[in-house]
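Each chain gets a letter, A, B and so on, in the order its sequence line appears, and its residues count up from 1.
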Amino acid sequence: MSSAATVGDLVSQPYKYGFVTDIETEKIAKGLSEDVVRLISAKKEEPAFLLDFRLRAYRQWLRMTEPDWATLGYPAIDYQDIIYYAAPKQQQKKASLDEVDPKLLETFEKLGIPLSEQKRLSNVAVDAVFDSVSIATTYKEKLAEHGVIFSSISEAVKEHAELVERYLGTVVPSGDNFFAALNSAVFSDGSFVFIPKGVECPMELSTYFRINSGDTGQFERTLIVAEEGASVSYLEGCTAPMFDTNQLHAAVVELVVLDDASIKYSTVQNWYAGDENGVGGIYNFVTKRGQCRGERSKISWTQVETGSAITWKYPSCVLQGADSVGEFYSVALTNHRQQADTGTKMIHVGPRTRSTIVSKGISAGHSVNSYRGLVQIGPKAVGARNYSQCDSMLIGDQAGANTYPYIRCQQPEASVEHEASTCRISADQLFYLQSRGIGFEEAVSMMVSGFCRDVFNQLPMEFAAEADKLLALKLEGSVG
Amino acid sequence: MIRPDAPILLEIQGLHASVDEQPILNGVNLTIRAGEIHAVMGRNGSGKSTLSKVLAGHPAYTVTAGSVRYQDVNLLELEPEQRARIGLFLGFQYPVEIPGVSNLEFLRVATNARRQERGDDELDTFAFEDLVRERLNVVQMDPAFLERSVNQGFSGGEKKRNEILQMALLEPLVAILDETDSGLDIDALRIVASGVNQLAGPHTATLLITHYQRLLDLITPDFVHVMAAGRILRSGGKELALELERTGYDWVDAELARQPVEVP
Ligand SMILES: Nc1ncnc2c1ncn2[C@@H]1O[C@H](COP(=O)(O)OP(=O)(O)O)[C@@H](O)[C@H]1O
Ligand SMILES: [Mg+2]
């Protein structure tokens, strides 16, 4: 088995992850206030620095307004109508997986993520997050032998407080933006990864996020640090039940890479997208940013975004170290009434920094899919280079695609290249493939995966093969 | 080769088809037996391409009356891909470009779909490479075309050769070639014609749609049909094509006036 298997099963059928696990949950009352922030911190028995961090964020958030510049339309979110803390009733994290509530193990097994000793994947360590609380992390001991820390962020706060304090909020400051501030105030769990100097992480690491509650907001926080010369490949998968209400998901991911280190961060986002009429689905407002602090360091974001009613997400790289490299490979697929406004920011600070952006947007049904990207070349980024390619594929004649590339260049010797294209799957192309014996669905999938190849090639190998199937499923009935 | 007792492969009876309520085919009758080569000629807009696409199952056309039997099945009930799998092949007048889909992979998936229907083993990448290299010789095509996206950036002649390559791989029972000759220089025309001749045999049949005698000099038809206003107005042997070359289509309008369109 491979990394792919973690999310591989995720794609084998139409949305089959819509079930709800019936499990006793501890929830606090709806609404957000300073008391709620304090309560969350107290429940998690957090050190003072973290409570301070949360309170600072909360006070900043109070003064901020929700951004409205994205090409997204949705009814106002009532932040007092959301529950900010929910956890499956299981007093503390169990030492052994076999003590974890069988219902939770069963849930993850149904999602294709077996956690128990006997069945778990041989080469992937998994952190399983259920309603924003990590319930289990596999292979912790084996990773620890290599000095790799992989745990829930709550545990990391207890066991590696100094590391968390050193890095948390240094890439995405608490007041960075409205949703990041909200997350910083109320985040409940997420993953923490630390790869020490010179270590190449011996396994693929993966976090699987499962939303279960219908009225709870989801606020995960992920922090990954790769010290000098270290490297890691990390994969994130997400699913949620089908509710006819919308759930808010506002996560923050921070990556830090030092000299000669690299992080490859892949996401397969398959949150529930709502039905054909746009009822229900996740509102996904995510801040993901990585900082290439060291020389020759590298961050590569690969995302396959297929779920969510609304996606607001711009995984970014701050290229500080000389010769550092940032990459962003994205496939965003929208169907029915989905809306996606996604892209990246490449901030070139250091000399000879390089970035590559490859974005593929596929819009079907009545959906709207926008690419929004910023390439910024600072005055010290001598010899910086960027290459961006943004392609849109339209399916049917009701869908929309937009491209908003912003370029700010303060360095005359930098090179910035941008290419964009739009195409449409035509009935004649499909007929051509069909007239050679290729079934309709396979024909669509061949065309879509051909369109996405440059991005799929970046995914952990076995998953790439599954990725086009996922897209084909999401497109079922939308062509012709 | 005409053998009156050869099995009927394709039998079209009273076929009417329309696009957006607009009738285009107005009662086509045509019977094709194993071993035969038929040529369909006619002015632009007479419905030749429409006939070929209706036979292949293009979704834009609605069959409003008539029947098409293919061997012993009702062809019109089948999805386009199923028609292809059982051996019907359409070489397009204007093959479309499909960016991002590798020609080699496309050819392999198509070949395997046909093989599966016939009960043959699926060919893996290596076995298929061997087969495709052998069939490339039929059309004298450069293997480099396999590495490109389907038809993308191919010249007109290269697209047509790619069509014949597909035909050579799919080994159809009934091949319909829609103006495969137009836009080809004389060398390419010879290659295409020799490809078609190599693939023709006693158990298969070919329907050539063409404007030009020059193709029929290289591929000798057993029957020639003239289409006008969505039906076959006149049929004859290979000498009909020669006659058309001398006289043109001026007689067609008078003939059309004499033969009223049958209303389904
Ligand atoms: N998809 C279509 N939509 C509208 N009109 C069509 C379509 N296909 C064919 N036609 C019309 O039907 C007639 C016959 O076209 P066609 O079959 O391409 O003729 P030919 O191949 O003999 O030149 C023409 O008048 C053409 O404009
Ligand atoms: Mg034509």
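- Considering only heavy-atom pairs separated by less than 4.5 Å from chain A, the leading option among B:A84, B:P95, B:S102 is B:A84.
- Atom CG of A:L430 sits about 8.0 Å away from atom CD1 of B:I98, to the nearest 0.5 Å.
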Step by step, work out the side chain to side chain contact (heavy atoms under 4.5 Å, CB included) result for A:F440 and B:E79. CA-CA 9 Å; A:F440 186 81; B:E79 292 296 322; over 6 Å; no
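- Rounding to the nearest 0.5 Å gives a distance of 11.5 Å between CD of B:Q82 and CD of A:Q434.
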Are B:Y94 and A:D428 close enough, and set up right, to give a side chain to side chain donor-acceptor pair (under 3.5 Å), and what steps lead you there? CA-CA 10 Å; B:Y94 302 110; A:D428 280 328; over 6 Å; no
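- Taken to the nearest 0.5 Å, the SG atom of A:C423 stands 12.5 Å off from the CD atom of B:E97.
- Residue B:L170 touches chain A through its side chain alone, counting heavy-atom pairs closer than 4.5 Å.
- Across B:A56, B:S149, B:A60, B:P99, the residue that shares the most heavy-atom pairs under 4.5 angstrom with chain A is B:A56.
- Across all non-hydrogen atoms, the minimal contact from A:G439 to B:R85 is N-NH2, 3.5 Å.
- The number of heavy atoms from other shown groups lying within 6.0 Å of NZ (A:K298) does not exceed 12.
- Shown here is A:K345, whose NZ atom has no more than 12 heavy atoms of other residues, nucleotides or ligands within 6.0 Å.
- Side-chain contact between B:Q166 and A:S435: absent, with no pair of heavy atoms (C-beta onward) separated by less than 4.5 Å.
- Of the listed residues (B:E105, B:E163, B:R83), the one with the most heavy-atom contacts under 4.5 Å to chain A is B:E163.
- Distance check, rounded to the nearest 0.5 Å: CG of B:L90 to OH of A:Y432 gives 9.5 Å.
- In this structure, chain A has no heavy atom under 4.5 Å from any part of B:P172.
- You'll find the side chain of B:V96 stays beyond 4.5 Å of the side chain of A:F431, heavy atoms only.
- Among the residues in residues 109-148 of chain B, those with a non-hydrogen atom closer than 4.5 angstrom to a non-hydrogen atom of chain A are B:V109, B:A110, B:A113.
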